[in-house]
Structures are given as C-alpha cells and as structure tokens.
Amino acid sequence: MLSKEEISRYSKQLLLPEIGMQGQENLKKAKVLIIGAGGLGCPVLQYLGAAGVGTIGIIDFDFVDITNLHRQVLYTVDDIGKAKSIIASEKISLSNPTIKLEPFNLKLESSNAQEIIFKYDIIVDCTDNFETRYLINDTCMLLGKPFVYGGIHKFEGQLSVFNFVKSDGSIGPNYRDVFPKMVQDEMEVNCDVSGVIGVLPGIIGTMQANEVIKIITDIGEVCSGKLLIYNSLNNTLSEIKINRKEYVGGN
C-alpha cells in the first residue's frame with residue numbers, strides 16, 4: 001500500500017491510467033540492480049528513484065573524477081575522490097527518502113555475480129566494458145533475469161532489453177544473439193579511450209529507465225527483440241531486429 005506521502009509524491013504519475021495505483025504499487029515492490037554508477041547509471045538512478053522503485057541496488061567500484069563531471073551529472077566537484085556507489089546512494093536518498101538504496105562498493109565478478117544478481121528482479125547494464133557486460137548477460141540467462149542494456153560510443157548510443165520473458169512465456173534474445181563473442185580489441189573501447197559527448201549517456205540512460213518502468217508496470221512495448229541505435233549528430237533512431245538463437249555459454 002502507498003502512504004499518503006507517496007500518493008502525493010507520485011500524484012502526477014498516478015493520473016496516468018496505464019500506471020495508476022496498481023502500477024505505482026508494483027514500482028514500490030520492485031527490486032532493480034543498476035550496474036555502473038557512471039554516465040548511464042546517473043540518469044537511470046535519478047529517474048528510477050524519482051519514479052518510486054522501492055529497492056535499488058548500485059554496483060560500482062570506481063571513484064568520482066573531475067573527468068566524469070561533464071556527463072555524470074549526479075556528482076559535483078565536492079564528490080571528487082569519493083566512491084560513486086556510496087555518493088550516488090546518498091544523493092538519491094535525499095531526493096526520495098521513501099525508497100531503499102543498496103550500494104555495493106565493489107567490482108562485479110564471476111565470484112559474486114550470481115549471489116548479487118539473484119536478489120533483484122531487473123538488471124540494468126550501465127557498464128563501460130565488454131567483459132562485465134558478457135558476465136551480466138550470462139548470469140542473467142542462468143538466473144532467468146531480464147536486463148536492460150545501454151551502450152554509448154562517441155556520438156552514438158544503443159538500447160535493448162535482453163532475456164525478457166513475454167506474456168506468452170517466450171523468452172527474447174540475449175546479448176550474445178547480437179554479439180556472440182568478445183573480440184579482444186573491444187575490451188578497450190570505452191569513454192576513457194574513445195571519448196563521448198556529455199549529453200549522450202543522459203539520453204540513453206533515460207531510455208533505459210523508461211524500459212525498466214514499462215517492464216515493472218507491464219505497459220507499452222518493451223524493447224526486446226530489437227536493438228535501437230541513436231545518433232546524436234543527426235538525431236536519427238534506427239532499429240535492428242534480433243532473433244533468439246540456441247546458445248551454450250562460454251566466451
């Protein structure tokens with residue numbers, strides 16, 4: 001049940017018939033894990049926290065650096081040198097004290113991935129490296145968890161929802177259906193090496209948050225079975241269809 005404070009806080013969202021009281025209660029019950037509290041993770045955290053997702057886990061082992069601030073707008077110069085997971089948790093709690101934040105100041109690895117991911121309903125991939133992304137994908141496949149993928153590179157962003165179970169019980173494609181194996185060179189493709197326009201992770205991260213809300217409240221069309229590609233230079237949005245393949249793990 002929603003408290004009087006929550007009803008007031010989410011009043012404009014409750015006006016939407018697609019969400020209403022039941023949808024808001026579903027948001028309150030939901031447990032979402034955000035892996036990476038950087039450029040993508042900041043907007044995901046801000047909007048899911050504001051929307052009333054009841055429990056939000058945050059995994060990040062990195063510290064705020066001055067080079068982060070042009071795109072990781074949750075942080076300020078006063079946060080430089082501090083752990084992102086802890087600072088992000090504190091700031092989202094200040095914005096919405098009615099929700100529960102669970103920071104993990106650690107790196108997601110094969111030794112801890114299953115134990116942590118198991119506790120959450122939806123996983124949001126806000127990482128910046130392929131090695132972790134494949135680990136997230138394979139763990140979500142093993143545990144039957146959907147994960148919302150976002151990727152950014154220079155001026156281009158990508159969005160999809162992998163391992164999503166549809167209403168008819170069928171399971172959508174996973175990350176390896178698009179990128180079957182990790183190429184060694186790809187491990188070095190991230191913002192630190194190639195750069196990124198600051199607004200791009202805000203755009204893609206907001207889209208990721210939107211997909212999470214749609215999954216929780218069971219509204220709209222979830223971005224499963226397709227990869228959306230957004231180009232910020234010419235403002236185009238293209239779509240690639242993804243087909244699920246039978247796959248046995250190992251990279």
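A donor-acceptor pair is defined here as one N or O able to donate and one able to accept, closer than 3.5 Å; such a pair exists between the side chain of Asn68 and the backbone of Asp65. A distance-only check finds a donor-acceptor pair linking the side chain of Thr217 to the backbone of Ile213 [under 3.5 Å]. In this structure, the side chain of Asn163 engages the main chain of Cys140 through a donor-acceptor pair within 3.5 Å. Remark: side-chain polar atoms of Asp60 are paired, donor with acceptor, to backbone N or O of Ala37 under 3.5 angstrom. Formation of a donor-acceptor pair under 3.5 Å by the Ser95 side chain with backbone atoms of Ile92 is not found in this model. Asn96 places a side-chain N or O within 3.5 Å of a backbone atom of Gly49 that can act as its donor or acceptor partner. Thr139 places a side-chain N or O within 3.5 Å of a backbone atom of Leu135 that can act as its donor or acceptor partner. Between the side chain of Ser89 and the main chain of Ser85, no donor-acceptor pair closer than 3.5 Å is present. Within the 3.5 Å criterion, the main-chain N or O of Val148 finds a donor-acceptor partner in the side chain of Gln208. With Asp121 contributing its side chain and Ala30 its backbone, the two residues share no donor-acceptor pair below 3.5 Å.
Evaluation of the side-chain hydrogen bond (donor to acceptor under 3.5 Å, both in side chains) rule for Asn26 yields Gln22 as partners, not counting sequence neighbours. Residues satisfying the salt bridge (Lys or Arg N to Asp or Glu O under 4.0 Å) test with Glu18, not counting sequence neighbours, are none. Considering only residues two or more places apart in sequence or on other chains, Lys145 meets the salt bridge (Lys or Arg N to Asp or Glu O under 4.0 Å) condition with none of them. Residues satisfying the salt bridge (Lys or Arg N to Asp or Glu O under 4.0 Å) test with Lys100, not counting sequence neighbours, are Glu102. A search for ring pair (Phe, Tyr, Trp, His ring centres under 6.0 Å) contacts involving Tyr175 returns Tyr134, Tyr149, Phe162, Phe179, not counting sequence neighbours. Judged as a salt bridge (Lys or Arg N to Asp or Glu O under 4.0 Å), and not counting sequence neighbours, the contacts of Asp125 are Arg133.
A salt bridge links Lys84 to Asp62: one of the charged nitrogens lies within less than 4.0 Å of a carboxylate oxygen.
Side-chain heavy-atom separations under 4.5 angstrom define the hydrophobic clusters, and the remaining members of the one that includes Val165 are Ile171. Applying the 4.5 Å side-chain rule to ILVMFWY residues, one finds Leu16, Ile19 in the same cluster as Ile219.
For the atom pair CD1 (Ile204) and CD (Gln158), the distance works out to 8.5 Å, reported to the nearest 0.5 Å. In this structure, CD1 in Ile59 is found 6.0 Å from CZ in Phe104, a value given to the nearest 0.5 Å. A distance of 13.0 Å separates CD in Gln72 from CD1 in Ile87, rounded to the nearest 0.5 Å. In this structure, the separation between NZ on Lys154 and CG on Leu200 is 13.0 Å, given to the nearest 0.5 Å. Between atom CD1 of residue Ile99 and atom CD1 of residue Ile56 there is a gap of 4.0 Å, rounded to the nearest 0.5 Å.
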Margin query: With side-chain contact (heavy atoms from CB on, under 4.5 Å) as the criterion, how do Ser232 and Val199 come out once you've worked through the C-alpha distance, each side chain's angles and the decisive distance to 0.1 Å?
Written below: CA-CA 9 Å; Ser232 63; Val199 297; 5.5 Å; no
Check: Should Ser170 and Asp168 be marked as a side-chain hydrogen bond (donor to acceptor under 3.5 Å, both in side chains) after you check the CA-CA gap, both sets of side-chain angles, and the distance that decides it?
Finding: CA-CA 6 Å; Ser170 61; Asp168 62 2; 2.6 Å; yes
Notebook entry, point to check: Step by step, would you call Ile34 with Leu48 a side-chain contact (heavy atoms from CB on, under 4.5 Å)?
Noted result: CA-CA 10 Å; Ile34 298 170; Leu48 292 186; 4.3 Å; yes
Margin query: side-chain contact (heavy atoms from CB on, under 4.5 Å), that's the test. Do Arg71 and Val196 meet it? Break it down for me.
Written below: CA-CA 9 Å; Arg71 66 193 183 280; Val196 64; 3.6 Å; yes
Notebook entry, point to check: Hey, mind stepping through Val77 and Ile66 against side-chain contact (heavy atoms from CB on, under 4.5 Å) and telling me if it holds?
Noted result: CA-CA 7 Å; Val77 291; Ile66 193 170; 5.6 Å; no
Can you list, pair by pair, the side-chain donor-acceptor contacts under 3.5 Å of residues 221-230, counting residues two or more places apart and other chains?
residue: Glu221; atom: OE2; partner: Lys226; partner atom: NZ; Å: 3.0
residue: Tyr230; atom: OH; partner: Asn235; partner atom: OD1; Å: 2.6

Sequence neighbours excluded and cut-off under 3.5 Å, please list the side-chain donor-acceptor pairs for residues 105-117, or say none.
residue: Asn112; atom: OD1; partner: Glu109; partner atom: N; Å: 2.8
residue: Asn112; atom: ND2; partner: Lys107; partner atom: O; Å: 3.1

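The shortest distance between side-chain heavy atoms of Val124 and Leu33 does not fall below 4.5 Å. For the pair Leu2/Leu14, a side-chain contact is recorded, criterion being any heavy-atom separation below 4.5 Å from C-beta on. Within the 4.5 Å cutoff, the side chain of Lys119 has no heavy atoms near those of the Lys31 side chain. Residues Asp79 and Lys91 form a side-chain contact, since some pair of their non-hydrogen atoms from C-beta on lies under 4.5 Å apart. Inter-residue side-chain proximity for Ile216 and Val53 is flagged as met; some heavy-atom pair is nearer than 4.5 Å. For the pair Ile136/Thr127, a side-chain contact is recorded, criterion being any heavy-atom separation below 4.5 Å from C-beta on. With contacts defined as side-chain heavy-atom distances shorter than 4.5 Å, the pair Ile242/Ser160 qualifies.
Note on Ile152: it clusters hydrophobically with Ile203, by side-chain heavy-atom contacts below 4.5 Å among ILVMFWY residues. There is a path of hydrophobic side-chain contacts, each under 4.5 Å, that joins Ile197 to Leu159. No path of Ile, Leu, Val, Met, Phe, Trp and Tyr side chains, each step under 4.5 Å between heavy atoms, connects Phe61 with Leu40, placing them in separate hydrophobic clusters. Both Phe147 and Val178 belong to a single network of hydrophobic side chains, linked directly or stepwise wherever heavy atoms of I, L, V, M, F, W or Y lie under 4.5 Å apart. When the side chains of ILVMFWY residues are joined at heavy-atom separations under 4.5 Å, either directly or via intervening members, Ile7 and Tyr10 end up in a single hydrophobic cluster.
Shortest non-hydrogen contact noted between Arg176 and Lys181 is NH1-CA, 4.4 Å. The shortest heavy-atom contact between Gly202 and Pro43 is CA-CG, 4.0 Å. Taking all atoms of both residues into account, the shortest heavy-atom contact from Lys28 to Met1 is NZ-O, 2.8 Å. Across Leu101 and Pro103, no two heavy atoms sit closer than the pair O-CD, 3.5 Å.
Atom CG of Leu233 sits in a crowded spot, with more than 12 heavy atoms from other residues, nucleotides or ligands closer than 6.0 Å.
Residue pairs meeting the side-chain hydrogen bond (donor to acceptor under 3.5 Å, both in side chains) criterion with at least one member in residues 33-57: none, sequence neighbours excluded. Within the structure, the salt bridge (charged side-chain N to carboxylate O under 4.0 Å, His left out) test picks out the following pairs touching residues 196-212 (sequence neighbours left out): Glu211-Lys214.
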